[in-house]
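To keep things clear, I will list the structure first and then write my remarks on it.
Fair warning: this is a prediction, and the values are worked out from it, not measured in the lab.
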Amino acid sequence: YMPKIHIRAVGRIGSGWAKEACAEYTKRLSVFGGIEIVELPEGHKGSITPDITRTRLAESESLLKNISEQDMVIALNETGNEYTSVQFADLISSCIMEGKNIVFVIGGSWGLDKAVLARANKKLSFGRMTYPHSLARVILLEQIYRAKMIANGREYHK
């Protein structure tokens, strides 16, 4: 059994540069066992004036679906921990050595519901700035790829 890395994200990446970048890093990660990306619908169901609490709750239910107790859940959140690339590589490597699947969760426009944050084993921040959803996903995929290269002693990380 080889542990897997998953990304569960609210919202879709449209066309353009972000979709191309995600596809490129997904392709590069295939040599390391790949990555599964699940795009989930936004909880507001197209409402112009959504109920933010209800939206987050609906998104949390879909984000947490099919996650087992043994999975290492890492929530992308502005209040999370910041890691260097080497520390991030160590985190991913240690989870895999323990036989744990890693599930990264990315919330929608209004962030993550408290239920998702409570389930998360770790919270990851790319800094205190806010990024568009598509850019956050590209950064996450690039850092996962970089972590795999570091862990395998391959040339990429400088």
> Checking side-chain contact (heavy atoms from CB on, under 4.5 Å) for the pair L140/F126: CA distance, chi angles, key distance, verdict?
Replying inline: CA-CA 9 Å; L140 177 60; F126 293 140; 4.0 Å; yes

>> Evaluate R146 against Q143 for side-chain contact (heavy atoms from CB on, under 4.5 Å), listing each step before the verdict.
In response: CA-CA 5 Å; R146 182 179 296 272; Q143 286 299 305; 3.6 Å; yes

>> Evaluate I5 against F104 for side-chain contact (heavy atoms from CB on, under 4.5 Å), listing each step before the verdict.
In response: CA-CA 8 Å; I5 298 176; F104 291 95; 3.8 Å; yes

>> Is there a side-chain contact (heavy atoms from CB on, under 4.5 Å) between H6 and V38? Walk through the geometry before answering.
In response: CA-CA 8 Å; H6 306 265; V38 176; over 6 Å; no

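Within the 3.5 Å criterion, the main-chain N or O of L63 finds a donor-acceptor partner in the side chain of R8. For the pair H133 (side chain) and V10 (backbone), a donor-acceptor distance under 3.5 Å is present. Side-chain N or O atoms of D51 include one that pairs as donor or acceptor with a backbone N or O of T53 at under 3.5 Å. N101 contributes a side-chain N or O that, together with a main-chain N or O of K4, makes up a donor-acceptor pair within less than 3.5 Å. Between the side chain of D71 and the main chain of V73, no donor-acceptor pair closer than 3.5 Å is present. Remark: side-chain polar atoms of E59 are paired, donor with acceptor, to backbone N or O of G43 under 3.5 angstrom.
Using a cut-off of 4.0 Å between Lys/Arg side-chain N and Asp/Glu carboxylate O, E39 and R137 are scored as salt-bridged. By the 4.0 Å N-to-carboxylate-O rule, E24 lies close enough to R28 to be salt-bridged with it.
By the criterion of side-chain heavy atoms lying less than 4.5 angstrom apart, applied directly or through intervening Ile, Leu, Val, Met, Phe, Trp or Tyr residues, L124 is grouped together with Y145 in one hydrophobic cluster. The cluster map of Ile, Leu, Val, Met, Phe, Trp and Tyr, joined by side-chain heavy atoms under 4.5 Å apart, puts I37 and M2 in the same cluster. Taken together through direct or relayed side-chain contacts under 4.5 Å among Ile, Leu, Val, Met, Phe, Trp and Tyr, Y131 and I7 form part of one hydrophobic cluster. M97 and I92 end up in different hydrophobic clusters when Ile, Leu, Val, Met, Phe, Trp and Tyr side chains are linked at under 4.5 Å. Neither I102 nor L117 shares a network with the other; the hydrophobic side chains, linked directly or stepwise wherever heavy atoms of I, L, V, M, F, W or Y lie under 4.5 Å apart, form separate groups for each.
P132 has its side chain within reach of L135: a pair of non-hydrogen atoms, C-beta onward, lies under 4.5 Å apart. S125 is not listed as a side-chain neighbour of T79, based on a closest heavy-atom distance of 4.5 Å or more. Side-chain contact between K122 and M72 is present, with at least one heavy-atom pair separated by less than 4.5 Å.
Between L91 atom CG and I74 atom CD1 the span is 4.5 Å, to the nearest 0.5 Å. A distance of 5.0 Å separates CG in L141 from SG in C22, rounded to the nearest 0.5 Å. Taken to the nearest 0.5 Å, the NZ atom of K148 stands 10.5 Å off from the CZ atom of F88. Residue E61 holds its CD atom at 10.0 Å from NZ of K65, rounded to the nearest 0.5 Å. To the nearest 0.5 Å, atoms NE2 (H44) and OG (S109) are separated by 5.5 Å. Atom NZ of K123 and atom CG of L76 lie 12.0 Å apart (nearest 0.5 Å).
Closest heavy-atom contact between D113 and S60: CB-CB, 3.5 Å. Contact detail for L40 and S62: the closest heavy-atom pair is CD1-O, 3.6 Å. Counting all heavy atoms, side chain and backbone alike, V105 lies closest to A75 at CG2-CA, 3.5 Å.
Defined by atom type and a distance below 3.5 Å, a donor-acceptor pair is missing between the side-chain atoms of E78 and T130.
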